[in-house]
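No hydrogens, no waters, no symmetry mates; every other heavy atom, side chains included, goes into these values. Because the structure is a prediction, the values reported are computed rather than measured. We're numbering straight along the sequence, starting at 1.
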Amino acid sequence: MRALLSVYDKTGILELATGLHELGWDLVSSGGTARSIRDAGIPVADTAEVTGFPAILGHRVVTLHPKIHGGILADRANAHHVTEMADCGIEPFDLVVGNLYPFGSDPTAFTHGGGRAEDVIDIGGPAMVRAAAKNHAHVGVVTDPSEYPAILEELRTGGSLSAETRRRLARAAFAHTAAYDAAVVAWFDEADDPILPPTLHVAATREERTLRYGENPHQRAALYRTDGADPWWASAKQYGGIALSYLNLFDADAAWLLAHDLGAASGDQPAVAIIKHANPCGAAVADSLADAYQRAFECDARSAFGGIVALNRVVDDATVAEMVAAAQADLVIAPGYAPGVVEALQGKRKNTRLIEAVPPVPATRHLRPISGGWLVQEPHRLVAPPSEWQVVTERIPTEPELADAALAFRVCAAVTSNSIVLVKDGVAWGIGAGQQNRVEAGQIAAEKAAGRAVGGACASDAFYPFPDGIDAAAAAGVAVIVQPGGSVKDADTIARANELGVAMVFTGERQFKH
């Protein structure tokens, strides 16, 4: 039996080489891998001895040779292949162990190149790995050092790798090279169009975390992490409770992003967002976390039951007291919990999952599947700051009114369209979400606000097509309306706002969310 070992990451390679040698395998290797094995006192032939050629072109060509690839690719059930191997003096390989140059790392630290990113693009490695994976009927291929112990154990007990193992390893090998190529393509795209490139190649690995099911019990589901990403949920710590579900993670991500967004936009104030079915049902900023939580909960206490609560500060005793007195939350996510807080919450709300997580990092690209394809766009963001908004009415909003307008428009952007949000004193008292017309969204927002937004702000995620939307906002008692503008009826809505004595501001940007 004969093995080809050619790895950049040498984790565990000496243990594997030792085990193979003890089983009577002949070893072939190259470069640093061969030196490491030889220095450990394990017999190994250099690839140059097999091919008759040394490594050339600054190590760019080492294993690209018929005596290497012929030994990997030969179909031993094909008599013609066997004859050609004998005629050419090619010996077969039964196992190929390889992993690739660390593309994306600092090219100046790469020992085989001249300091350019292109130098770290592996050629021979993927060629060997793909060749072995293609010929998995006869050859085993290993790309992950964590597989070494299991490989040795199977060889010790069975004498060879089973067809099932070879197939599994081959699938992993092609996934490995596919992800590698995707990373190289992404590097090219960085200089051209990283958001909307000519082709899209997504490499992601399924997490071990188990999801009970998808949106409904009859739907299978799993969580995948984009290769190279370090999302908040990957390192999140959960205190008690059952595992997170598909919808828990979906809603928690929305809540976590919104809470941090609101906090940052308000000058790093304590902020709380409560999400129910992907929509905010409560959002507030305040001088203390306890006040922010209590106000966010009071926005819509009925909807908050069983919701996702995200807080952008370490949860303290005062906030816990408010949470215990409020309705049951399905999940709470925060950057941390003061001593005793977890125990206090679990004592009163034993079914609530408590998550400790690092701040979220917004995605660089947003994908949404449609039948047979993907819709791809830049991630949601607010473009123009309030300082660039245009006051279009005779009445000028006060600074407190403008602050409420800024919060209202930010929350509105996170609500499914059509949406209307009513805010007063840093609290989204009324949120009307997901309606087919803007008037009914405003009616829902006003009903939920129940007079608590009087003197505050009304935000619309798109322009008002008719003055009736202005009437509804004024009837809710707001002092300022913030909307994108851009309707052919803008003059009519401005005139109506002036008649009602309401200030109105145009942002110049629509914020639809579907």
Side-chain angles (χ1 to χ4, degrees), residues 232 251-276 279-338 341-342 344-345 348-349 352 354-360 382 399-415 421-431 445 448-450 452-453 455-457 459:
W232 63 265
D251 287 348
D253 190 56
W256 199 222
L257 287 165
L258 181 57
H260 282 270
D261 183 52
L262 295 179
S266 64
D268 199 30
Q269 279 189 288
V272 174
I274 304 177
I275 297 288
K276 193 72 173 289
N279 272 308
C281 62
V285 295
D287 292 334
S288 73
L289 189 65
D291 285 345
Y293 170 77
Q294 182 59 24
R295 293 176 181 181
F297 173 73
E298 289 176 352
C299 292
D300 187 350
R302 179 168 56 186
S303 297
F305 179 83
I308 308 292
V309 178
L311 312 96
N312 72 338
R313 291 284 193 280
V314 172
V315 181
D316 54 21
D317 291 336
T319 306
V320 168
E322 299 290 353
M323 296 175 77
V324 167
Q328 172 84 41
D330 203 24
L331 184 151
V332 174
I333 180 170
Y337 299 87
V341 163
V342 170
L345 278 170
K348 296 291 186 179
R349 296 282 182 251
T352 298
L354 306 178
I355 305 296
E356 181 178 326
V358 298
L382 272 70
E399 285 301 316
E401 291 168 359
L402 194 59
D404 281 341
L407 178 62
F409 195 65
R410 189 165 293 272
V411 173
C412 199
V415 176
V421 173
L422 304 179
V423 166
K424 180 70 166 74
D425 295 334
V427 185
W429 294 114
I431 299 174
K448 289 186 175 183
R452 295 174 296 181

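- The two residues S303 and C281 make their nearest non-hydrogen contact at CB-CB, 3.8 Å.
- Looking at residues two or more places apart in sequence or on another chain, you find no salt bridge (Lys or Arg N to Asp or Glu O under 4.0 Å) involving D251.
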Which pairs of donor and acceptor atoms, one on a side chain in residues 282-291, lie under 3.5 Å apart (sequence neighbours left out)?
unit_1: D287; atom_1: OD1; unit_2: Q269; atom_2: NE2; d: 3.3
unit_1: S288; atom_1: OG; unit_2: D291; atom_2: N; d: 3.1
unit_1: S288; atom_1: OG; unit_2: D291; atom_2: OD2; d: 3.2

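- Sorted pairs that involve residues 305-329 and meet ring-ring contact (aromatic ring centres under 6.0 Å, His included), not counting sequence neighbours, are lacking altogether.
- By the side-chain hydrogen bond (donor to acceptor under 3.5 Å, both in side chains) test, S266 is found to be paired with no residue, residues two or more places apart in sequence or in another chain being considered.
- Two residues are said to be in side-chain contact when any heavy atoms from C-beta on lie closer than 4.5 Å; P335 and N312 fail this criterion.
- Smallest separation of non-hydrogen atoms from L407 and V427: CD2-N, 4.0 Å.
- Between L345 and T352, the closest side-chain pair of non-hydrogen atoms is not below 4.5 Å.
- The line from CZ of R452 to CD of E298 is 7.0 Å long, rounded to the nearest 0.5 Å.
- For A459, the side-chain contact (heavy atoms from CB on, under 4.5 Å) partners at least two apart in sequence or on another chain are A408, F409, C412, V482.
- Heavy-atom minimum distance, L422 versus A453: CB-CB, 3.7 Å.
- Judged as a salt bridge (Lys or Arg N to Asp or Glu O under 4.0 Å), the pairs with a partner in residues 312-333 (not counting sequence neighbours) are, in order, D268-R313, D330-R353.
- For D253, there are no salt bridge (Lys or Arg N to Asp or Glu O under 4.0 Å) partners, not counting sequence neighbours.
- Applying the side-chain contact (heavy atoms from CB on, under 4.5 Å) criterion to A406, with sequence neighbours excluded, gives P386, W389.
- Nearest heavy atoms, A273 versus A259: CB-N, 4.0 Å.
- Considering all non-hydrogen atoms of both residues, A338 and V314 come closest at N-CG1, 3.6 Å.
- Atom-to-atom distance recorded for I431:CD1 and D300:CG is 7.5 Å, nearest 0.5 angstrom.
- Residues forming a side-chain contact (heavy atoms from CB on, under 4.5 Å) with A334 (at least two apart in sequence, or on another chain): L311, V315, Y337.
- With sequence neighbours excluded, the residues that form a side-chain contact (heavy atoms from CB on, under 4.5 Å) with D425 are D404.
- Looking only at side-chain heavy atoms (C-beta outward), V332 and I355 stay at 4.5 Å or farther from each other.
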Requested in this report: In sequence, state the C-alpha distance, the side-chain angles, and the governing distance for V415 and V421, and then conclude on side-chain contact (heavy atoms from CB on, under 4.5 Å).
Outcome: CA-CA 9 Å; V415 176; V421 173; 4.3 Å; yes
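- Under a 3.5 Å cut-off, the side chain of R410 and the backbone N or O of L262 do not form any donor-acceptor pair.
- Without hydrogens or angle criteria, W429 side chain to K424 main chain gives a donor-acceptor distance under 3.5 Å.
- A parallel orientation is assigned to the rings of Y293 and F297, their planes being inclined by less than 30° (bins at 30° and 60°).
- Residues passing the salt bridge (Lys or Arg N to Asp or Glu O under 4.0 Å) test with K276: none are found, sequence neighbours excluded.
- A428 and C299 make their closest contact through O-SG, 2.8 Å (heavy atoms, listed as atom of the first residue, atom of the second, distance).
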